[in-house]
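Below is one structure, written out as structure tokens, with a few remarks after it.
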Amino acid sequence: MTSPLTPRATDFPRWYQDVITQAELADNGPVRGTMVIRPWGYAIWERMQAELDDRIKAAGADNAYFPIFIPQSYLQREAEHVEGFSPELAVVTYGGGKQLEEPVVVRPTSETVINSFFAKWIQSYRDLPLLINQWANVVRWELRPRLFLRTSEFLWQEGHTAHATEPEAREYALRILRDVYLATMVDVLAVPVLTGHKTARERFAGAIRTWTLEAMMGDGKALQMGTSHELGQNFAKAFAIQFSSEMGSQEYVWQTSWGASTRLVGALIMAHGDDAGLRLPPALAPVQVVVVLVRDEGGAREAATALVDDLRRAGHRVRLDDRVGTSFGRRSVEWELKGVPARVDVGPRDLASGQVTLVRRDVQSKRSVAVGGVVAEVALDLAAAQQALYAEATARQAERTQRVKNLDEVAEVAALGFAVVPWDAVGTAGEAELANGGFSVRCLQAADGSLAGADDEPGLLAVVAKAY
RNA sequence: CGGGGAGUAGCGCAGCGGUAGCGCACCUGCUUUGGGAGCAGGAGGUCGGGGGUUCGAAUCCCCCCUCCCCGACCA
């Protein structure tokens, strides 16, 4: 039987589509650009949500919910914001069978509604900082949609905060970048990321600074995994968010906003997937171990059920596959496509000698293990798989990243990966030229790869790549 | 919006004037079950829509719609 997937080397975008179909992650919705997230895809998203949500709460933010409909006039209050988003807005002009007096925008992001309430809630320095997060869907009308990566409606988390001082706001934006996003990407998704800030061209509409996390996919292209913005006082002034300081003066707040979306599911597919399907890092996987009952004979069912219990007691997320009416080969392929990190095959043949077969998805290794040793061995496999996926992605990124000196050398390197070039050698004009060639400056960093402040700092490096 | 393709069974496709087909998937039965099982039987279609040419149109002509790929914007 041939693989159900187009090999990555043959056609990477086609492979990506095949994985989504075959692993039952998502379908296209009836309206162009919309997406139906199927149970397996949603389970993965729920795991991402849980990991992000824990860290967001640890950073002190509370969840709340704001409406999906926003008065059109709200968006117009911040000049850059409206200019940035107007091309991709969905606008409702009819409701209840009548033309609306003021059209209503379906939120593309919630800065405007949320800040209109921040203005109401914030009176005093004692009300600060105000740290709010919301889990929601947003709509940005897309001309060229791709499942998970770019859809007209997507799910995300958006954080919005207000602070008394600029340094405090900046520190919070960076804290989210590091403690929420970077930690989740690296420790859970096992995806190495570069962090830096966006050029003026790539910055969020209405922000004074956009911090970003950029990852390299299996084909060398870049994907933005999350962003954390410093909004300065732009929205504070547009929405009159003022507070009485300790000195009794009226001050505008300093703000941040930050988001990560279902695009992360796409990132996971493209960062770790292989020609046999998805490969989920154990820390993320909704099912870490699948126990496959090969045949319902010779006490195999009892042994499989007992192993499921043992593995669960050891703290793993476990599923029993006892669909013995479906051939073993088919079931094996299914779990490989879905990317479950570890598989335990329990059948009468092995069991006769007190053994089962352990299969590791990431490296496709297979070995016999005594029933009594399964829990310990699985734990080792899961830890090793998590580590190996991160190492593999890191090696690829290192291999495909090259320092270059000038704009002329960028295209060749960026065609296959990341070109790191002095920002001085690119500049705003060079950035526009690169855009014509399909390249973009993913982020700016200090010379040692650390975070830098402004675009005009000396010695900045630009990371240039093709991007999703 | 500019350029290039495609709409036929759930999915992938063939057929290109003369009875609507193939592979996979699906249903039933039997045999199977340690890497996508085999055999037999079965169900499933306004051939994207409208108009025209013709004795006869999935097939030829005209109009419309939709989708996909490549270029200008984006989590």
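Per chain, numbering begins at 1; letters A, B, ... match sequence-line order. Computed from a prediction, not measured in an experiment: that's the story for all the values here.
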Original post:
Taking the six-membered ring for Trp, are the ring centroids of A:F118 and A:H160 within less than 6.0 Å of each other?
Top reply: no

Original post:
Given atom CD of A:E202 and atom C1' of B:A75, what is their separation to the nearest angstrom?
Top reply: 12 Å

Original post:
With both distances under 3.5 Å as the test, what is the Watson-Crick or G-U wobble partner of B:A72?
Top reply: none

Subject >> Atom pair distance, as rounded to whole Å: CD in A:E431 and P in B:C73 >> reply: 11 Å

Original post:
What interatomic distance, in whole Å, is found between C1' of B:C62 and the corresponding atom of B:C70?
Top reply: 29 Å

Original post:
Which part of the nucleic acid does A:L149 contact within heavy-atom distance under 4.0 Å: base, sugar-phosphate only, or nothing?
Top reply: base

Subject >> Close side-chain approach of A:V290 and A:R331, heavy atoms under 4.5 Å >> reply: no

Subject >> Lys/Arg-Asp/Glu bridge criterion (N-O < 4.0 Å) met for A:R47, A:E51 >> reply: yes

Original post:
Is any side-chain nitrogen or oxygen of A:R330 closer than 4.0 Å to OP1 or OP2 of B:A25?
Top reply: yes

Original post:
Base, sugar-phosphate, or nothing: which does A:T151 touch, judged by heavy atoms less than 4.0 Å apart?
Top reply: base

Subject >> C1'-based separation of B:G48 from B:A57 [nearest Å] >> reply: 16 Å

Original post:
Hey, does A:R343 reach any base, or is it just sugar-phosphate, or nothing, if we go heavy atoms under 4.0 Å?
Top reply: base

Original post:
Counting just side-chain N and O atoms, does A:R331 come under 4.0 Å of either OP1 or OP2 of B:U33?
Top reply: no

**OP:** For A:A267 and A:M217, work out which heavy atoms get closest and say how close.
**Re:** O-SD, 3.7 Å

Subject >> Pairing of A:R301 and A:D296 as salt bridge, 4.0 angstrom limit >> reply: yes

Original post:
Toward the 5' end of RNA chain B, which comes first, A:R349 or A:A435, by nearest nucleotide?
Top reply: A:R349

**OP:** Hey, which sits more toward the 5' end of RNA chain B by its nearest nucleotide, A:T227 or A:E336?
**Re:** A:E336

Subject >> side-chain N/O A:S332 vs B:G35 OP1/OP2, d < 4.0 Å >> reply: no

**OP:** Determine which nucleotide pairs with B:A37, using a 3.5 Å limit on both distances of a Watson-Crick or G-U wobble pair.
**Re:** B:U31

**OP:** Whole angstrom is fine here: how far is it from CZ in A:R150 over to C1' in B:C73?
**Re:** 10 Å

Original post:
Rounded to whole angstrom units, what separation is found between the CZ atom of A:R367 and the C1' atom of B:G35?
Top reply: 19 Å

Original post:
What distance, rounded to whole Å, do you find between the two P atoms, one in B:C55 and one in B:G45?
Top reply: 32 Å

**OP:** Would you say whether A:F154 stacks on B:A75? The test is a distance between ring centres of less than 5.5 Å and an angle between planes of less than 30°.
**Re:** yes

Original post:
How are the rings of A:Y172 and A:W258 set relative to one another: parallel (under 30°), tilted (30 to 60°) or perpendicular (over 60°)?
Top reply: tilted

Original post:
Which part of the nucleic acid, if any, lies within reach of A:T21 when heavy atoms closer than 4.0 Å are counted: base, sugar-phosphate only, or nothing?
Top reply: nothing

Subject >> Assigned partner base of B:U54, Watson-Crick or wobble definition, under 3.5 Å >> reply: none

Original post:
Looking across every strand, which nucleic acid part, if any, lies under 4.0 Å from A:G259 by heavy atom: base, sugar-phosphate, or nothing?
Top reply: nothing

Original post:
Atom CD of A:E334 and atom P of B:G35: how far apart are they, to the nearest Å?
Top reply: 16 Å

**OP:** Could you please name the partner base of B:G23, counting Watson-Crick and G-U wobble pairs only when both distances are under 3.5 Å?
**Re:** B:C11

